[in-house]
There are 2 protein chains.
Amino acid sequence: MPRRHDPERRQRIIDAAIRVVGRKGIAGLSHRSVAAEADVPLGSTTYHFTTLDDLMVAALRQANEGFAQVVAAHPALSDPEADLPAELARVLGEWLGGDRTGVELEYELYLAALRRPALRPVAAEWAEGVGALLAARTDPTTARALVAVLDGICLQVLLTDTPYDEEYAREVLTRLLSAPGTRDGRGPGSHPPAAAG
Amino acid sequence: MPRRHDPERRQRIIDAAIRVVGRKGIAGLSHRSVAAEADVPLGSTTYHFTTLDDLMVAALRQANEGFAQVVAAHPALSDPEADLPAELARVLGEWLGGDRTGVELEYELYLAALRRPALRPVAAEWAEGVGALLAARTDPTTARALVAVLDGICLQVLLTDTPYDEEYAREVLTRLLSAPGTRDGRGPGSHPPAAAG
DNA sequence: ATCCCATGTGTACGAGCGTACATAACGGGG
DNA sequence: CCCCGTTATGTACGCTCGTACACATGGGAT
């Protein structure tokens with residue numbers, strides 16, 4: 001009970017929120033459910049996060065960092081000598097092959113931006129971050145396209161219960177990258193990052 | 001009040017549910033809100049749709065038909081002489097350019113399949129349907145890839161408040177289709193439709 | 001040492017929810 | 001015509017929710 005002066009209270013609430021979303025989905029997220037999961041009183045969650053949107057923003061931001069770590073764990077993605085499509089397909093397979101809970105969690109928070117404008121900047125940050133990472137290997141336009149097709153493939157796997165086909169992903173990614181002039185950073189990308197700032 | 005014996009009650013409830021989702025999102029969908037929108041008593045919605053999942057399945061199925069009509073309104077998509085990437089990019093632009101409410105509605109119901117297994121077969125039907133439509137112009141594997149990238153592009157537009165760039169979409173689609181041997185229906189598609197049945 | 005405010009706690013209220021159920025009307029099959 | 005199952009209706013129960021608020025507490029600034 002003597003939990004007075006808990007300097008990491010806020011962080012523990014975010015962690016609890018992520019666990020709640022992972023287990024029960026956003027629909028099961030409430031000040032009360034998070035309070036119970038974090039083992040803090042109700043007033044504590046409402047104090048640190050006035051609205052649930054605030055809480056979701058913090059949770060999504062943290063979940064995004066989690067994905068960034070997965071990418072960072074594969075330095076081959078930055079190696080100019082490596083086979084980029086194959087590496088991307090492999091990383092995606094690893095991520096999707098992990099526990100479905102974590103994948104669903106990140107995607108659910110990400111997709112929630114559709115109806116919650118507060119989440120859109122965070123979702124944009126993520127897309128921008130992955131795009132910037134890939135842009136180092138190609139050009140900005142191609143990088144954006146890669147992010148889009150990665151998203152699309154994940155969506156099909158998650159939404160239609162189709163098993164992930166790494167070979168298929170590699171093939172599609174290869175096609176996007178094999179267009180003339182896309183490997184040296186000066187591809188046909190005549191289009192700016194389109195409000196990427 | 002004398003609404004007894006209303007043979008189209010069920011259909012009117014589905015229509016009302018779609019309007020509710022369009023206006024307030026899935027989070028605002030309840031037996032009560034739909035009943036109010038359809039101007040029927042609460043007991044009527046619970047009678048025709050025991051669970052909200054039942055109602056969402058019916059709504060998503062109907063929304064999907066709506067999209068199919070948009071596609072059907074562009075016979076050029078089936079014309080072997082037409083520029084498929086350009087046509088696809090144009091149709092997508094028209095769809096995204098319409099009232100955001102309708103687009104959000106369809107996507108929200110579609111994405112809801114992530115956490116609601118009951119919706120997944122319907123989502124799969126949609127992807128399969130669009131895929132089959134495109135497969136007539138290429139091969140099954142390429143068609144699946146087109147659906148994926150279409151989904152990904154929509155997602156980026158809707159989730160990050162980025163304006164739709166038709167030229168960019170056309171370019172990406174072109175790359176996917178310009179791979180050798182993909183225009184005659186016998187492309188590198190060494191992979192089956194991957195549980196498309 | 002004292003004060004003050006950010007932080008933490010407990011409780012209550014009103015609203016909306018799914019669900020259950022008793023009852024009423026309708027209309028096709030006997 | 002009557003009967004009976006499908007359809008329609010109204011109401012109530014128990015639950016969870018966001019919100020508000022009064023009160024406790026402890027540590028950093030003075």
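Every chain is numbered from 1, with letters handed out A, B, ... down the list of sequences.
Following rounding to the nearest Å, A:Asp6 (CG) and C:dA6 (P) show an atom-to-atom distance of 19 Å. For A:Arg12 and C:dT7, the CZ to P distance is 15 Å, given to the nearest whole Å. The separation between A:Tyr47 atom OH and C:dA6 atom P is 7 Å, rounded to whole Å. In this structure, CD of B:Glu8 is placed 15 Å from P of D:dT7, rounded to the nearest angstrom. Between the C1' atom of D:dG18 and the CZ atom of A:Phe49 lies a distance of 16 Å, rounded to the nearest Å.
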Could you go through residues 40-47 of chain B and list every donor-acceptor pair under 3.5 Å that involves a side-chain atom there, pairing it with any protein atom two or more places apart or in another chain?
{"residue": "B:Ser44", "atom": "OG", "partner": "B:Arg9", "partner atom": "NH1", "Å": "2.7"}
{"residue": "B:Thr45", "atom": "OG1", "partner": "B:His31", "partner atom": "O", "Å": "3.2"}
{"residue": "B:Thr45", "atom": "OG1", "partner": "B:Leu42", "partner atom": "O", "Å": "2.8"}
{"residue": "B:Thr46", "atom": "OG1", "partner": "B:Gly43", "partner atom": "O", "Å": "3.0"}

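Residues satisfying the salt bridge (Lys or Arg N to Asp or Glu O under 4.0 Å) criterion with A:Asp53, sequence neighbours excluded, are A:Arg116. In terms of the side chain to side chain donor-acceptor pair (under 3.5 Å) criterion, residue partners of A:Gln62 (sequence neighbours excluded) are, by chain and number, A:Gln11, A:Asp15. Here A:Ser30 pairs with A:Ser33 under the side chain to side chain donor-acceptor pair (under 3.5 Å) rule; sequence neighbours left out.
Applying the ring-ring contact (aromatic ring centres under 6.0 Å, His included) test to residues at least two apart or on different chains, the pairs with a partner in residues 116-149 of chain B are B:Phe67-B:Trp126, B:Tyr110-B:Trp126.
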### Query
How would nucleotides 17-22 of chain C be written as a contact map, 5' to 3', with B for base contact, S for sugar-phosphate-only contact and - for no contact, using protein heavy atoms under 4.0 Å?
BBB---

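In terms of phosphate contacts, B:Arg9 brings a side-chain nitrogen or oxygen within less than 4.0 Å of OP1 or OP2 of D:dT9. Applying the 4.0 Å criterion to OP1 and OP2 of C:dA6, one finds that A:His48 has every side-chain N and O outside that range.
Side-chain atoms of B:Glu108 come within 3.5 Å of backbone atoms of B:Ile26 as a donor-acceptor pair (strictly under, hydrogens ignored).
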